Structure formats: structure tokens, C-alpha cells
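Counting starts at 1 for both ligands and their atoms, in listed order. It should be emphasised that the depicted structure is a prediction, and the values quoted were computed from it without experimental measurement. In what follows, every heavy atom counts, from backbone to side chain, and hydrogens, waters and symmetry copies are set aside.
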Amino acid sequence: MTQSPIALPEGMQITGKIQPGYEQILTPEALALVARLTRAFEPRRQELLAVRVERAKRLDAGERPDFLPETAHIRDGDWKIAPIPKALECRRVEITGPVERKMVINAFNSGADSYMTDFEDSNTPNWDNQLTGQINMFDAVRKTISLEQNGKSYKLNDTIATLVVRPRGWHLDEKHVLVDGKRISGGIFDFALFMFHNAKEQLARGAGPYFYLPKMESHLEARLWNDIFVMTQTELGLPQGTIKATVLIETILAAFEMDEILYELKEHSSGLNAGRWDYIFSCIKKFKLDKDFCLADRAKVTMTAPFMRAYALLLLKTCHKRGAPAIGGMAALIPIKNDPEKNDVAMGGVRNDKARDATDGYDGGWVAHPGLVELAMGEFTKVLGDKPNQIDKQRPDIDVKAADLLNFQPEAPITEAGLRYNINVGIHYLGSWLAGNGCVPIHNLMEDAATAEISRSQVWQWIRSSKGVLEDGRKVTAEMVRAMIPEELAKVQRDAPGGDGPTYVRAGQIFEEMSTSASFAEFLTLPLYEEI
Ligand SMILES: CC(=O)SCCNC(=O)CCNC(=O)[C@H](O)C(C)(C)COP(=O)(O)OP(=O)(O)OC[C@H]1O[C@@H](n2cnc3c(N)ncnc32)[C@H](O)[C@@H]1OP(=O)(O)O
Ligand SMILES: O=CC(=O)O
Ligand SMILES: [Mg+2]
């Protein structure tokens with residue numbers, strides 16, 4: 001165990017190496033907050049994770065989700081979330097990206113209204129990424145962040161995007177920090193350090209501590225975050241309701257509890273976001289043992305698929321009824337260099353995506369790259385004009401039933417190209433993640449933990465579903481997948497930057513194990529985290 005050169009609260013151990021600068025983040029007072037929140041809330045996190053396991057067993061046995069009878073009074077009630085602070089009123093375009101220093105500066109300067117910095121889907125949560133991410137945030141909030149790289153100087157513009165931070169989801173531990181001998185929650189670690197160092201500074205600069213909350217499966221999980229907010233505000237002497245959080249509705253189970261999630265976070269809510277990629281993954285995962293469940297090639301499962309359309313519209317209607325912003329998700333398309341024709345097609349895809357969201361009534365949407373900000377802004381401005389949002393646009397015409405959320409189409413086609421694509425992307429992404437980079441362009445698309453989850457879970461599911469049959473009539477089998485893995489690995493080794501490194505060989509092994517083993521890994525990042 002690494003001897004820590006920093007003063008630790010009673011009962012805390014840190015096993016990660018303390019690099020120069022980390023002591024600025026890992027101060028005794030900040031770590032004391034981490035320890036207090038951990039002692040107060042870790043038992044509940046564990047209970048809620050156990051509830052997930054029990055629920056998964058019932059779904060595996062054939063139960064199907066529905067709106068909860070015990071919370072009908074919340075869905076039927078007439079209530080709204082607390083008013084949105086000025087800094088979060090206008091979120092027509094939100095750029096997202098990992099907490100890497102250059103990208104942090106570029107994202108703030110991108111012209112987007114807001115910027116979600118990501119300790120989650122687009123980030124490999126190794127110790128150094130988490131700590132340097134916190135340093136980057138510390139410097140960015142104070143506007144002192146700068147960088148010299150490849151002959152270029154990076155610093156913040158006078159006008160920058162409003163910062164929103166995404167800590168890790170409930171399933172992820174921070175294994176380098178132990179409290180009373182046990183690993184702590186990655187999410188609490190990310191949140192508490194950020195809050196301790198930056199909340200007051202942000203308030204002094206006219207904004208506040210704003211968050212995105214990922215991958216929740218129930219309103220009880222949202223209640224846990226809310227209780228953490230209340231205690232943190234008390235500990236830091238901040239008025240209750242200072243923290244604001246947008247919840248990603250990115251699991252099929254959360255889609256049945258959108259009203260309840262907003263209600264739990266009522267004083268701290270800044271709306272919901274349609275996190276489409278994890279949502280698709282969650283649908284595959286939750287119905288993985290249903291032999292009749294099957295989704296077509298990943299590229300065919302778009303926002304216009306019936307179950308995705310139902311989810312997006314229900315989210316919009318729910319948010320606006322409660323006075324909450326509805327923020328659209330991410331088109332994975334990114335600018336394509338050196339191929340104007342392909343680039344035009346990609347830009348057209350992003351334009352359509354944002355135009356659909358804006359026309360439906362969404363208040364804004366995510367982009368993955370600075371080169372998409374202007375285009376996305378144009379689509380929202382066409383609909384919103386000079387209004388900061390369109391929360392006043394009510395959609396009583398939308399009537400989404402449980403059956404609509406569970407109408408999993410399209411089931412076909414599944415093609416050999418689609419299967420190979422999933423294997424190729426899965427191996428490429430795992431290899432990059434293990435090497436420390438959690439977001440990469442692959443085949444001209446943004447790939448992160450959520451999109452890669454779809455690829456690897458589809459392969460597992462196609463092997464098992466009775467409908468997992470290729471267009472040409474061949475059943476997808478474990479043997480077929482095993483035969484393709486070395487071929488796709490060779491392509492990845494040829495194509496990926498640094499693809500000849502050891503992490504890609506390991507990625508091939510992990511991919512084979514994950515897609516062909518009898519059990520389904522709950523998240524691909526859980527076994528991967530044990531390897532870094
Ligand atoms: C499912 C979800 O959870 S979505 C949310 C999580 N995913 C994300 O946030 C995706 C973030 N996007 C990215 O990481 C990147 O855009 C990638 C990996 C997809 C592509 O990155 P690159 O190949 O580096 O793109 P490219 O070479 O075109 O970048 C051009 C410039 O834009 C910058 N850039 C690209 N994307 C971003 C971004 N999201 N934020 C800030 N800067 C960015 C690059 O750093 C580069 O800067 P430079 O010119 O100063 O060197
Ligand atoms: O986090 C976003 C998603 O689509 O997943
Ligand atoms: Mg996600």
C-alpha cells in the first residue's frame with residue numbers, strides 16, 4: 001500500500017499514488033467531507049444496489065416494468081420543481097466531454113450554452129484521471145486554467161459555457177479510497193471533492209454547483225442523491241436548494257419513474273436528459289433472458305424506433321408539466337475530416353436530430369464536439385427564436401403507455417456486418433479504455449462506455465435470443481463470435497492509434513469472455529476497473 005503523504009481523516013486510507021498537485025485536492029477538510037458522506041450514505045448505496053439485483057432477478061423471470069401504483073398520487077399531483085437559476089435557464093446546446101485539460105478549455109470556449117464535464121461515460125476512471133480532472137475543475141472554476149500543447153496556447157475566453165459536472169454512477173466504486181476498510185462510492189468521491197473546492201467560488205461568480213446524475217434506476221436512488229445534497233449544503237454552510245441536478249433518464253426502469261425522480265429532487269432539480277445510449281443498453285440488459293427480445297443492428301436502433309420515440313416524448317411531456325427543462329441526448333456523429341461528402345451526411349444527421357428535438361419541444365440538446373455547436377444552435381434557434389427555453393410548451397397530446405415504452409422494434413435486420421461492427425467497436429473501445437482514454441472516434445462515430453455497452457450486450461443477446469439470426473439465415477452463435485474476434489482484433493490493431501499495445505490483446509480476451517460466457521456482466525466497466 002502506498003504511504004500517503006497527506007493527512008487523512010480517522011479511518012480513511014488512500015492507496016492511489018499522490019502525484020504533485022493532488023494534495024491541493026486531497027486536503028484534510030475535503031477528505032473529511034468525503035468520509036462523513038460515505039459513513040452517512042454508503043449503507044444506503046449498498047442497499048439500493050442490492051435492490052437492483054433483486055429487481056433484475058424478477059425481470060429475468062419474466063416480470064415487466066409498469067408505472068408504480070404506490071406513487072400514482074405523485075404522477076397525478078399538481079406540483080412543479082423549484083425555479084431554475086438564471087445560469088441554467090438557457091441550455092440550447094450543451095457540449096460534453098471528458099475532464100482532460102485541453103478538452104476542458106476547448107469545451108468551455110466552444111460557444112455552447114453549457115458544458116457537461118464528464119467523470120463518467122467518456123472517462124476511464126483511473127486514479128490519475130479522477131484527480132487531474134478535479135485539478136482541471138479547480139483551475140477552470142477560477143478561470144486560471146491554461147495549457148501549452150503542440151505549439152498552441154489554451155486559455156479560457158471571456159465568455160464561457162456554464163459548467164455542469166457528471167460524477168460517476170452508483171454502481172462504480174473508488175477503489176483507491178477506503179473508509180473503515182471498505183471502498184467508497186466513486187460518485188460521492190467525485191461530487192464531494194468538487195463541491196468542497198468549487199461550490200462557493202461558483203456562487204461568487206454568478207453560477208452555482210450544477211450536476212448531471214447518471215444511470216439511476218429508481219426514484220429511491222434519486223432520493224439518495226437528494227439526501228446527499230441536503231447534508232452537503234448543511235456541511236458547507238450553503239442555502240438548501242443551491243445544488244441543481246439534471247437526471248439522465250437512461251435506464252428503462254427510470255423511464256417509468258420520471259415524475260417521481262423529479263419529485264424527489266424537487267428543490268434541487270434542473271430537469272431530465274434523454275440519455276439514449278445507456279437507455280438502449282439498459283433495455284437489452286434488463287430483458288436479456290427473454291428469448292423473444294431482440295433488437296436489430298445497432299445502427300438501426302435510432303431515436304425514431306417506436307420505443308425510443310415513446311421514451312423521448314414522455315420525458316418531454318413530464319418535464320414541461322413540472323416546469324423542468326427537457327434536454328435531448330447525443331447524436332454520436334462527429335465531424336469527418338478529409339471527406340466532405342461523408343461529413344455532409346454526418347452533419348445532416350446531427351441537424352435532423354436537433355431539429356426533431358427542438359420541434360418536439362425540447363429545451364436543448366447535447367453535442368460531442370465543438371464543431372457541432374453552431375449547427376445544433378441553429379436548429380434550436382430556428383424554433384426557440386430569442387427565448388432561452390420552451391418550458392412553457394405543454395404537450396398534453398402525448399399519451400405514452402407502458403406498452404409503448406416496451407414496444408421494442410426494429411428486430412431486424414441483423415447482419416454479419418452489424419455483428420462484426422459490434423465486435424470491432426467493442427474491442428477497440430475496451431482497448432482504449434484500458435489504456436486510459438474513455439472516449440474515442442471509431443468509424444467516424446463518438447464511442448464511449450454507453451455506446452460500447454450496446455455493442456457488447458447485443459453480441460451476448462444475439463447469441464441467446466431465438467431471433468438472433470443473421471439476414472442470410474445463420475444463427476448467431478458463440479462459435480461464430482469466437483471465430484470473428486481474432487479477425488476483428490487484427491483490424492483494430494491495424495487501425496487504432498496505439499493499437500499494437502498490450503491493452504488491445506487484453507481487450508480481445510475480455511470481449512470474448514463477456515460476450516460468450518453464460519452470465520452477463522452488469523456493466524463492462526466493473527470488470528475493467530479491476531484491471532487498471
Ligand atoms: C453517451 C454519452 O454519455 S455522451 C457524453 C459522453 N461523450 C462525450 O462527451 C464525447 C466527447 N467527445 C470526444 O471525446 C471527442 O469529440 C471524440 C473522442 C469523439 C473525437 O475527438 P478527436 O478525434 O480528438 O476530435 P478532433 O480531432 O476532431 O478534435 C478537434 C479539436 O476539438 C477538440 N474536441 C473534440 N471534442 C471535444 C469535446 N467534446 N470537448 C472539447 N474539445 C473537443 C479536440 O480536443 C481538438 O482540439 P485541438 O484542435 O485544440 O487539438
Ligand atoms: O449518457 C448518455 C447516454 O446516452 O448514455
Ligand atoms: Mg450514459
**Message:** Just to confirm my output: which protein heavy-atom neighbour is closest to atom 1 (C) of ligand 1, and how far is it?
**Reply:** Asp448 OD2, 3.0 Å
**Asked** Has ligand 1 got any nitrogen or oxygen that is less than 3.5 angstrom from a nitrogen or oxygen of Asp121?
**Response** yes
**Asked** Heavy-atom distance from atom 31 (C) of ligand 1 to the protein below 4.0 Å?
**Response** no
**Prompt:** Tyr504 ring centre to Arg506 NZ or CZ under 6.0 Å, with the angle to the axis within 45°?
**Reply:** no
**Asked** Looking at Arg52 and Glu522, does any basic side-chain N land under 4.0 Å from a carboxylate oxygen?
**Response** no
**Complete:** Among Glu94, Met103, Glu447, closest by heavy atom to atom 13 (C) of ligand 1 is Met103
**Prompt:** Taking NZ, NE, NH1 and NH2 as the nitrogens, is one of them in Arg420 or Asp297 under 4.0 Å from a carboxylate oxygen of the other?
**Reply:** no
**Item:** Nearest protein heavy atom with distance in Å, relative to atom 4 (O) of ligand 2
**Value:** Trp277 N, 2.8 Å
**Prompt:** Which N, O or S atom name in Asp121 marks its closest approach to the Mg ion (ligand 3)?
**Reply:** OD2
**Prompt:** Looking at Arg44 and Glu221, does any basic side-chain N land under 4.0 Å from a carboxylate oxygen?
**Reply:** no
**Message:** So, 4.0 Å and heavy atoms of Asp118: is ligand 1 close enough to count as a contact?
**Reply:** yes
**Prompt:** Which protein heavy atom lies closest to atom 2 (C) of ligand 2, and at what distance to 0.1 Å?
**Reply:** Glu250 OE1, 3.3 Å
**Fill in**
Judged by heavy atoms only, the candidate from Ser110, Ser122, Ala107, Ala368 nearest atom 16 (O) of ligand 1 is Ala368
**Asked** Under 4.0 Å from ligand 1, counting heavy atoms only, is it the side chain of Glu250, its backbone, both or neither?
**Response** neither
**Request:** Kindly confirm or rule out an N or O of Tyr279 lying under 3.5 angstrom from an N or O of ligand 2.
**Result:** no
**Message:** Applying the ring pair (Phe, Tyr, Trp, His ring centres under 6.0 Å) criterion to Phe307, which one of Phe293, Phe408, Phe287 satisfies it?
**Reply:** Phe408
**Prompt:** Any non-hydrogen atom of Glu453 lying under 4.0 Å from ligand 1?
**Reply:** no
**Item:** Winner among Asn273, Asn437, Asn106 once heavy atoms are compared against atom 46 (C) of ligand 1
**Value:** Asn106
**Request:** May I ask which of Gly438, Gly97, Pro370 has a heavy atom nearer to atom 36 (N) of ligand 1 than the others do?
**Result:** Pro370
**Request:** Please write down residue, atom name and distance for the protein heavy atom closest to atom 1 (O) of ligand 2.
**Result:** Arg166 NH1, 2.8 Å
**Request:** Nearest 10° is fine: what angle sits at the Mg ion (ligand 3) between OD2 from Asp278 and OE1 from Glu250?
**Result:** 100°
**Request:** Give the numbers and elements of all ligand 1 atoms closer than 4.0 Å to a heavy atom of Ala450.
**Result:** 1 (C)
